[in-house]
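Convention: sequence-line order gives letters A, B, ...; per-chain numbering from 1.
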2 protein chains.
Amino acid sequence: MPPRKPSVDPRRKPRQVRAELTRDRILTAAAHVFTEHGYAAGTTNRIAERAHVSIGSLYQYFPNKDAILAELMVRHIDRGAWHRADELDLAPGTLETVVRALVRDAVDNHQEDPRLLRIMIEQGQVSEELRTTLARHGARRLAEVRDVFSRHPDVRVRDLDAATELIVFTVELNTHRLVAFPQGLSMKTVENELVDMVTRYLSG
Amino acid sequence: MPPRKPSVDPRRKPRQVRAELTRDRILTAAAHVFTEHGYAAGTTNRIAERAHVSIGSLYQYFPNKDAILAELMVRHIDRGAWHRADELDLAPGTLETVVRALVRDAVDNHQEDPRLLRIMIEQGQVSEELRTTLARHGARRLAEVRDVFSRHPDVRVRDLDAATELIVFTVELNTHRLVAFPQGLSMKTVENELVDMVTRYLSG
DNA sequence: CCCTATTATGAGCATTTGCTCAGCTCTTCG
DNA sequence: CGAAGAGCTGAGCAAATGCTCATAATAGGG
């Protein structure tokens with residue numbers, strides 16, 4: 001890492017529409033670049049290039065690289081993007097149907113957002129607010145899934161809370177792996193086996 | 001990142017005890033440095049310094065920085081993971097017993113150094129060479145586990161290969177999560193539920 | 001003790017990356 | 001129109017980092 005200055009200097013605040021657009025393009029590009037290359041390899045020059053903006057312009061609006069990530073996080077909070085992303089649409093039916101819906105949901109929503117979020121979290125610069133918000137939302141989602149399970153007549157497990165947590169994470173992690181490394185096994189195969197495993201588990 | 005050469009050149013293989021020790025010191029130092037500073041900030045010079053070895057020596061045994069992490073990961077995987085595959089084989093019992101052994105194995109193997117583990121996982125998304133190395137070792141392990149499963153009379157699944165892969169990754173990933181981000185649930189609870197899920201899945 | 005293969009050294013090269021700055025273009029408004 | 005300020009540009013600096021290579025030190029069989 002090159003010059004890491006204090007650089008707490010105030011940056012230009014957009015006064016024309018043009019500038020606002022530039023800022024947005026930079027942020028959008030940054031989101032893409034970070035998700036694609038990771039934080040360290042997501043260089044400011046690369047971001048500027050992707051935004052079709054000169055590095056000079058970039059640094060006119062952000063005092064340093066970290067500030068870009070920070071702004072990205074703020075926007076995430078403001079927009080509540082992940083709220084929608086993880087919304088679950090579980091219709092009642094066979095247990096297998098329900099589980100399959102859960103798996104499909106994970107596959108659908110696990111494309112872009114989670115990776116960026118992971119980068120943000122790993123980078124450690126996460127605000128306390130983001131952390132708690134994420135935690136709260138995660139809990140809410142767990143509760144939703146657990147409710148669906150608890151209402152289903154075929155579900156027979158010792159510890160529903162533990163089971164729900166295990167299942168949600170297992171589905172999520174396997175999906176992540178599939179999306180990240182689309183190796184050997186096909187999406188369909190994995191989906192089927194995942195559904196089988198979870199369904200049999202829940203059935204007792 | 002400075003010069004990123006192809007660097008597929010063969011490196012010196014230790015022929016004297018002295019060299020073996022040097023290699024070990026480098027790896028040990030690398031583990032510490034990566035743990036302390038993270039991968040990006042864990043510079044090769046810093047590693048060499050901590051190992052009380054010159055960078056020249058470091059590069060005599062490792063073609064590049066990634067290779068050091070790769071070796072660390074290989075050692076991590078190798079350690080214990082299938083020394084016990086034999087035990088599993090020699091002491092066949094209930095399917096549940098076998099599965100529990102598998103889970104315990106993963107837990108034991110990961111209990112040691114959460115921070116390093118996280119780095120390995122996170123960095124795993126980058127280097128192609130690293131990935132193939134891991135893939136090879138992973139494949140070996142998969143084959144062994146699949147063998148154990150295939151020999152057990154109670155195992156009834158459509159696609160043993162797919163099932164094995166799903167199981168191994170699920171066990172591993174859940175263990176990672178538990179160790180790296182310890183949350184509400186206790187180790188014991190998760191172990192039990194994991195065992196239940198996998199056992200029921202395999203039983204068909 | 002000597003000779004050769006092996007191992008160790010570290011200054012420095014090549015490259016990368018975060019970031020600056022002098023000067024340019026565009027917008028706005030009297 | 002035209003001036004002033006807002007916005008934009010990109011060559012390039014300084015620091016950092018991965019890695020090489022010429023050279024020196026050491027080991028161990030003969």
Side-chain angles (χ1 to χ4, degrees), chain A residues 1-27 29-30 33-34 37-71 123 125, chain B residues 1-27 29-30 33-34 36-71 123 126-127 129-130:
Chain A
M1 244 167 252
R4 179 67 53 166
K5 291 280 184 68
S7 81
V8 197
D9 39 307
R11 241 51 178 189
R12 184 188 299 272
K13 254 185 129 181
R15 299 190 183 269
Q16 303 180 2
V17 217
R18 179 169 56 136
E20 199 68 63
L21 289 181
T22 301
R23 236 188 93 98
D24 278 350
R25 258 184 303 148
I26 293 172
L27 283 171
V33 170
F34 284 153
H37 303 270
Y39 186 70
T43 72
T44 49
N45 283 284
R46 190 130 45 187
I47 292 172
E49 186 183 22
R50 168 136 197 175
H52 299 286
V53 153
S54 74
I55 348 98
S57 292
L58 190 154
Y59 279 98
Q60 205 145 19
Y61 297 105
F62 301 95
N64 54 54
K65 190 178 171 182
D66 283 351
I68 301 177
L69 221 211
E71 178 68 25
Q123 209 50 31
Q125 311 245 343
Chain B
M1 244 167 256
R4 181 66 53 165
K5 292 280 183 70
S7 81
V8 196
D9 39 304
R11 240 52 179 190
R12 182 187 301 271
K13 254 186 128 181
R15 296 184 188 275
Q16 303 180 4
V17 217
R18 177 167 58 135
E20 200 67 63
L21 289 181
T22 302
R23 235 187 93 97
D24 279 348
R25 258 186 301 149
I26 293 171
L27 283 171
V33 170
F34 285 152
E36 263 174 51
H37 303 270
Y39 186 70
T43 71
T44 48
N45 282 285
R46 191 133 39 189
I47 292 172
E49 187 183 21
R50 168 133 196 178
H52 300 286
V53 151
S54 73
I55 347 99
S57 291
L58 189 154
Y59 279 98
Q60 205 145 18
Y61 297 104
F62 301 94
N64 54 54
K65 188 178 170 182
D66 280 352
I68 301 177
L69 220 213
E71 178 68 25
Q123 199 56 29
V126 184
S127 164
E129 187 186 353
L130 203 165

Can you measure [X] atom [atom1] to [N] atom [atom2] for me and round it to whole angstrom units?
{"X": "B:Arg18", "N": "C:dA5", "atom1": "CZ", "atom2": "C1'", "answer": "11 Å"}
{"X": "B:Ile47", "N": "D:dC19", "atom1": "CD1", "atom2": "P", "answer": "10 Å"}
{"X": "A:Gln60", "N": "C:dT25", "atom1": "CD", "atom2": "P", "answer": "16 Å"}
{"X": "A:Arg46", "N": "C:dG18", "atom1": "CZ", "atom2": "P", "answer": "9 Å"}
{"X": "B:Glu49", "N": "D:dT17", "atom1": "CD", "atom2": "P", "answer": "12 Å"}
{"X": "B:Leu21", "N": "D:dT26", "atom1": "CG", "atom2": "P", "answer": "16 Å"}
{"X": "B:His37", "N": "D:dT17", "atom1": "NE2", "atom2": "P", "answer": "11 Å"}
{"X": "A:His52", "N": "D:dT9", "atom1": "NE2", "atom2": "C1'", "answer": "16 Å"}

Check this one for me: any side-chain N or O of [X] less than 4.0 Å away from OP1 or OP2 of [N]?
{"X": "A:Thr22", "N": "D:dC8", "answer": "yes"}
{"X": "A:Tyr59", "N": "D:dG10", "answer": "no"}
{"X": "A:Ser54", "N": "D:dG10", "answer": "no"}

Query raised in the report: So does B:Glu36 pair up with B:Arg46, basic N to acidic O under 4.0 Å?
Result: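 No, this pair does not count.
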
Query - A:Val17 or A:Gly56, whichever maps to the more 5' nucleotide of DNA chain C - result: A:Gly56

Query raised in the report: Any chance CD of A:Glu71 has more than 12 other-residue heavy atoms, nucleotides or ligands included, within less than 6.0 Å?
Result: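 Atom CD in A:Glu71 is packed in, count exceeds 12.
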
Side chain of [X], heavy atoms from C-beta onward: which of [options] has the nearest atom to it?
{"X": "B:Thr44", "options": "D:dC8, C:dG18, D:dC19", "answer": "D:dC19"}
{"X": "B:Asn45", "options": "D:dC19, D:dT9, C:dA8", "answer": "D:dC19"}
{"X": "B:Thr43", "options": "D:dT17, C:dC19, C:dT7", "answer": "D:dT17"}
{"X": "A:Ile55", "options": "D:dC19, C:dA8, D:dA11", "answer": "D:dA11"}
{"X": "A:Gln16", "options": "C:dT27, C:dC19, D:dT26", "answer": "C:dT27"}

Query raised in the report: Quick one: do the A:Tyr39 and A:Asp66 side chains pair a donor with an acceptor below 3.5 Å?
Result: yes

Requested in this report: Indicate, with a heavy-atom threshold strictly under 4.0 Å, whether B:Phe62 touches base, sugar-phosphate, or nothing.
Outcome: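 Nothing, no heavy atom under 4.0 Å.
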
Query raised in the report: So, for B:Ile47 and B:Gly42, which heavy atoms are closest and what is the spacing to 0.1 Å?
Result: CD1-O, 4.1 Å

